[in-house]
Amino acid sequence: MVSSRNFTVAPDNSSKEVSLKGDLKSRFSNYMEKDSVFENKDALTTNWRPERILHRDEKINNLASILAPSLKGEDPSNVFIYGSVGTGKTLITKHVTSELQDVAEEQEVDLNIVYINCKMKKVADTEYRLLAKLCEQLGKEVPSTGLPTDEVYNRFFEALQNQKGVVIIALDEIDALVKKVGDEFLYNLTRINDDLRETKVSILGISNDLNFTEYMDSRVKSSLSEEEIIFSPYNAIELREILQERTERGFVEDALVDGVISKCSALAAQEHGDARRALDLIRVAGELAERSSEEEVRKKHVDKAQEKIERDRVVETVESQPKHSKIVLYTILDMAEDDEEVATGDVYSEYKQWCGEIDVSPLTQRRVSGLISELDMLGVINANVISKGRYGRTRQISVDLSESIRAQIENMIENKFYI
DNA sequence: ATTCCACCGGAATTGGGGGGAA
DNA sequence: TTCCCCCCAATTCCGGTGGAAT
């Protein structure tokens, strides 16, 4: 703040600044005047709610009819929605619940719908935080830490008692939370109705994992999946229609060269029929076209977009890893350069060497082993446990990153540790 | 059919940092 | 201030285990 004030007031060498400012100004105004390929970029993001939702009529009706009893003050059955990423689960849930809410308001029915994404880091990714978030949504603030979980649970209960009517709790990405903290909280949630008088709670769980029920206690399973809706992936044709619809809103006319939409849908269809991916591809392709001052989005931009999305994803995940994870990754990158595949033990001894050089005390092998499997799950490296018979079992670690991504990561880590 | 390596991976625990409430 | 809580990385302990070698 201080420095910016100094900068604008500085009286001397003003000529330099003026011209600099002028440059910047003209650059900004150029930017403003330049014909954008985008008409409304929001329409190309996943949280945009299109007025027409394609290829999901059946699911919408299905969910609507399950939740409808709430308008009569009856508690709807608990629902479980399954489907892999980008199949429209969240979109449909938000759509149906907001319509439901509107009708409830018109009819003056007591209905409260709470939507929480359980994967939100530091927000709803533990039992405590989920309950705290639920309280908050029901209008009862709870400190973000400090209290015993029981206490938060009590406050949540009180908040519910003050609601009256039906409360629908939508828990998105619930599989991630259960895998992390177990299913006990769900058991409590499903049984909460037994103790409530005026309020009725029903739960709408959304899971990316189709085999998720296996992680749950059978009692929880049966009460939670009174109703189930399964979302199957979109095929390439459906994806194309969805993109067609969105791009009409998102891009200016004729901004897309023929075949660009098909290309995006085909690529996304290959990757499990993921509509989110398709949208990301075409949006980023547009951004790249715009950045290189072109007025049309071409197929080459889609290729670049795919590379950029992957690079951003990897760089971002690596950046958010703890210190030692980065060091471990660095040693793996270094070793896998000449050796195709490396074993955990090799990585560990090399890792200890690095730690010595940069004056960091090394972690145990157990921990490093854990870090390696985390990096594997994050899709940064590949690791498979194999048996070398007489010579033990270990992970076979390999790196399958494009040269540019790899270089960028190595650079980032080197800068961080002055290697 | 056994042996036995070089780890894997679950579980329990710790320790330091977040923060209540009284 | 004291005592309690939660969170997360990390440690300690330890019971497995696939399959080449014997």
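From a predicted model like this one, the values you see are computed outputs, not experimental measurements. Sequence lines set the chain letters: A, B, ... in the order given, protein chains first and strands last, and positions in each chain run from 1.
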pair A:Gln306-A:Lys263: side-chain heavy atoms closer than 4.5 Å: no
Side chain A:Arg366 and base B:dG10 donor-acceptor under 3.5 Å: yes
Verdict with reasoning, A:Thr45 to A:Asn47, per side-chain hydrogen bond (donor to acceptor under 3.5 Å, both in side chains): CA-CA 6 Å; A:Thr45 59; A:Asn47 38 20; 3.0 Å; yes
DNA chain C: 5'-proximal contact among A:Gly146 and A:Arg129 (nearest heavy atom): A:Gly146
Distance, rounded to the nearest Å, where A:Arg390 contributes CZ and B:dA6 contributes C1': 11 Å
Sole residue of A:Leu401, A:Ile405, A:Ile409 in side chain to side chain contact (heavy atoms under 4.5 Å, CB included) with A:Arg311: A:Ile405
Under 4.0 angstrom between A:Arg395 side-chain N/O and B:dC8 OP1 or OP2: yes
Spacing of A:Tyr128 atom OH relative to B:dG18 atom P, expressed in whole Å: 16 Å
Members of residues 135-144 of chain A that approach DNA chain C, where some heavy atom sits under 4.0 Å away: none
A:Thr344 side-chain N/O to B:dC8 phosphate OP1/OP2 under 4.0 Å: yes
A:Phe212 side chain near A:Ile174 side chain, heavy-atom distance below 4.5 Å: yes
Sub-4.0 Å heavy-atom contacts from residues 373-387 of chain A onto DNA chain C, ordered by number: A:Ser387
Salt bridge (charged side-chain N to carboxylate O under 4.0 Å, His left out) partners of A:Glu294, counting only residues at least two apart: A:Arg298, A:Lys300
Under the side-chain hydrogen bond (donor to acceptor under 3.5 Å, both in side chains) test, residues paired with A:Asn78 that sit two or more places apart: none
Qualifying side chain to side chain donor-acceptor pair (under 3.5 Å) pairs, either residue in residues 222-235 of chain A, two or more places apart: none
Tell me which donor-acceptor pairs under 3.5 Å the side chains of residues 382-393 of chain A have, and how far apart each pair is, sequence neighbours excluded?
| residue | atom | partner | partner atom | Å |
| --- | --- | --- | --- | --- |
| A:Ser387 | OG | A:Gly389 | N | 3.1 |

A:Ser402 versus A:Glu310, side-chain donor and acceptor atoms under 3.5 Å: no
Rounded distance in Å - NZ (A:Lys388) to P (B:dC7): 7 Å
DNA chain B-proximal residues of residues 316-327 of chain A, any heavy atom under 4.0 Å: none
Contact under 4.0 Å: A:Ser369 side-chain N or O vs B:dC8 OP1/OP2: yes
Less than 3.5 Å apart, which donor and acceptor atoms pair up between the side chains of residues 93-105 of chain A and the rest of the protein, not counting sequence neighbours?
| residue | atom | partner | partner atom | Å |
| --- | --- | --- | --- | --- |
| A:Thr93 | OG1 | A:Lys89 | O | 2.7 |
| A:Thr97 | OG1 | A:Thr93 | O | 2.7 |
| A:Thr97 | OG1 | A:Lys94 | O | 3.2 |
| A:Ser98 | OG | A:Arg49 | NH2 | 2.9 |
| A:Ser98 | OG | A:His95 | O | 3.4 |
| A:Gln101 | NE2 | A:Leu111 | O | 3.0 |

Pairs where residues 271-283 of chain A contributes a residue and the test side chain to side chain donor-acceptor pair (under 3.5 Å) is met, not counting sequence neighbours: A:Glu271-A:Arg277, A:Asp280-A:Arg283
Nucleotide range of DNA chain C lying under 4.0 Å from chain A heavy atoms: C:dC5 to C:dA21
Heavy-atom side-chain contact between A:Ile169 and A:Tyr115 under 4.5 Å: no
Table please: side-chain donor-acceptor pairs of residues 68-75 of chain A below 3.5 Å, with sequence neighbours left out.
| residue | atom | partner | partner atom | Å |
| --- | --- | --- | --- | --- |
| A:Ser70 | OG | A:Leu67 | O | 2.7 |

Pair listing, side chain to side chain donor-acceptor pair (under 3.5 Å) test, anchored in residues 140-149 of chain A, at least two apart: A:Lys140-A:Glu158
Touch class at under 4.0 angstrom, heavy-atom based, for A:Gln365 against every strand present: sugar-phosphate
Euclidean distance, atom CG of residue A:Leu147 to atom P of B:dG18 [Å, nearest integer]: 17 Å
